[in-house]
Amino acid sequence: MTFHDFNLHDDVLTGVDAMNYQQATPIQQMAIPKIIEGKDLIACAQTGTGKTAAYLIPLLDKISHAGHQHTSTLILVPTRELAKQIDEQVEGFAYFVSATSIALYGGGKGENWDQQRNALTTGADIIIATPGRLMAHMQLGYVKFDQLNYLVLDEADKMLDMGFSDDILKIVRELPKNRQTLMFSATMPGKIREFAKKLLTNPDEITLAVSKPAEKIDQQFYLAKDHQKLPLLMHLIQQANAQSMVLFTSRKSEVNPIVRALTKLGYEAHGISSDIEQDEREKVLRGFKNKQFPILVATDVLSRGIDIDSLSHVVNYDVPRDAEDYVHRIGRTARAENTGTAITFVNEMDMQRVRKIERLLDKKLEKRAITEELGLGPAPSENGGERPGERGRNDRPKSGKRNDRRPERNESPRSEAPRPEAQANADTPRPKNRNRKRGGRDGKPGTPRPEGTVAAQASGAVEGEVVANPAVGTTEGEAKKPRRRNRNRGRKPSTQGEGAPVQPSIEA
DNA sequence: AAAAAAC
């Protein structure tokens, strides 16, 4: 089923075509007709299923029919990066529709505030916002919701987890009652259902298979104590055909130390967490999406919803406490038609959490113990955390003195690892990518970018290779997305092919 | 024993 089967407005279809969306995913097939029909909707859909397009496309269709003289649509999301990403996606889809959008979120040294306020005085058809910043604008009277028709709650379960439920209720109190409300959630526990009752009217419900990671993801688990993780990671990077990797840690305090350690070992890495300045977060994410460096270290701020094109590896430096977050984290890879590898490090303390994941996935997960053979000392016990009362007796490495030692400072883990030739890796066919096939929309070659594996980039073994830059509508960042409609509302794009804006370079 | 989100 393609998007041409939905009877969409021509302008919307042109935008959908330009974004190179062809086949509708299951959630899109189910949601789009219902949304067009005007039904309230609860949709339970896992990440990476095309959820955003499932509501953006039909809403744009309605907006394009309506004549867009007011803020008709509010989309609430849990994180700033998600707000920005959805805003960018709107701009792609709405390119041929006279619809404008703006993302409202915090951070950014006050400049963002002024920009947002100014943009709001012009008005926007679609507002995508994190709750706190939206409330600030509302309190100052900068937003007018009196003509709002559509409310979307994206990642609703996450927003409730984050304690946004009161804020959301407060916001919704200011919205017209006769609106269409759409709620998307990865899970549908009772709490969400109750919450939905307060906000939705007689909703239809769509449920897709939940909490199952894509089959295409190769999930690997390695038993590792904390001090073994970095050398083990080095070994795996050397061994893997890793093009581009996101490394998740559950603690923001670990982001910078890991970045520093990787940098010291010759890998270019940058971090994102709530402790990092918003400007830096955005610069880092943009640079990573544009493949300017191979390793992104992040907290769970990025575990949900963020699209990164052709990400070959996700590393969980620890096991997330929420089994659900595991599925989200690894769902960053193997998106669209790609395959991917998810590597998870498991220490004694993490075993309980792994069991939660096993229960969620209804599957026994095999944990590999290879630290011993890498000369890193014995792996942690697999029985860790089984009975909290017996901890210390069972999990503790028995002597700890002989083998359980930290590697010496100058003892390079790489010297012990088998070293596959980077060149061979560079020749390995890459997974197919929908966006890559297209080539530049303007026919011009794109920016050259480093090519090859993460390991090769660190050693400088692979020469740069020019890869055509995909054009409009890729998920690679705003470089290829069309110019903001806010600034040239109503005009047809005449210079869509103009070169990509200069990317700020990411320097350590 | 976490993270995120407004100033």
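Hydrogens, waters and symmetry mates are skipped; everything else that's a heavy atom, side chains included, is used. Every value quoted in this text rests on a predicted model; they were computed, and no experiment measured them. A, B, ... follow the sequence lines: proteins, then strands. Residue 1 opens every chain.
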Hey, is the main chain of A:Ile35 close enough, under 3.5 Å, to the side chain of A:Gln180 for a donor-acceptor pair?
yes
Between P on B:dA3 and CZ on A:Arg353, what's the gap in Å once rounded to a whole number?
11 Å
Should A:Arg80 be listed as having a side-chain N or O under 4.0 Å from OP1 or OP2 of B:dA6?
yes
A:Arg281 near the nucleic acid: base, sugar-phosphate alone, or nothing, with a heavy-atom cut-off under 4.0 Å?
sugar-phosphate
From CA spacing to verdict: ring-ring contact (aromatic ring centres under 6.0 Å, His included), A:His270, A:Phe288
CA-CA 8 Å; A:His270 298 277; A:Phe288 185 71; 9.6 Å; no
May I ask you to evaluate whether A:Thr130 reaches the phosphate of B:dA6, defined as a side-chain N or O under 4.0 Å from OP1 or OP2?
yes
From CE of A:Met159 over to P of B:dA6, roughly how many Å is that when rounded to an integer?
12 Å
Any N/O donor-acceptor pair, A:Arg251 side-chain to B:dA2 base, under 3.5 Å:
no
Between B:dA1, B:dA6, B:dA4, which nucleotide has the shortest distance from any of its atoms to the side chain of A:Arg321?
B:dA1
Please classify the nucleic acid contact of A:Ser303 as base, sugar-phosphate, or nothing, using heavy-atom distances under 4.0 Å.
nothing
Would you mind classifying the nucleic acid contact of A:Gly110 as base, sugar-phosphate or nothing, using non-hydrogen atoms under 4.0 angstrom?
nothing
With sequence neighbours excluded, what pairs up with A:Thr71 under the side-chain contact (heavy atoms from CB on, under 4.5 Å) test?
A:Ile127, A:Phe145, A:Leu148
In whole angstrom, give the distance that lies between atom CD of A:Gln278 and atom P of B:dA5.
7 Å
Around A:Lys363, counting heavy atoms of other residues, nucleotides and ligands shown, do more than 12 lie under 6.0 Å from its NZ?
no
Just the rounded figure in Å: distance from P of B:dA5 to CG of A:Asp275.
10 Å
Between B:dA4 and A:Thr299, is there an OP1 or OP2 to side-chain N/O distance shorter than 4.0 Å?
yes
When you measure from the side chain of A:Thr79, which nucleotide among B:dA6, B:dA1, B:dA4 comes out closest?
B:dA4
Could you work out, with side-chain contact (heavy atoms from CB on, under 4.5 Å) as the rule, every residue matching A:Thr341, not counting sequence neighbours?
A:Asp218, A:Gln220, A:His313, A:Ile343
Using whole Å, what does the distance between atom C1' of nucleotide B:dA4 and atom CD1 of A:Ile306 come to?
13 Å
Distance check needed: B:dA3 C1' versus A:Glu324 CD, whole Å only.
16 Å
Taken to the nearest whole Å, CD1/A:Ile168 to P/B:dA6 is 12 Å
Distance, rounded to the nearest Å, where A:Lys158 contributes NZ and B:dA4 contributes P
9 Å
Heavy atoms from C-beta onward define the side chain here; which of B:dA6, B:dA1, B:dA3 lies closest to that of A:Met349?
B:dA1
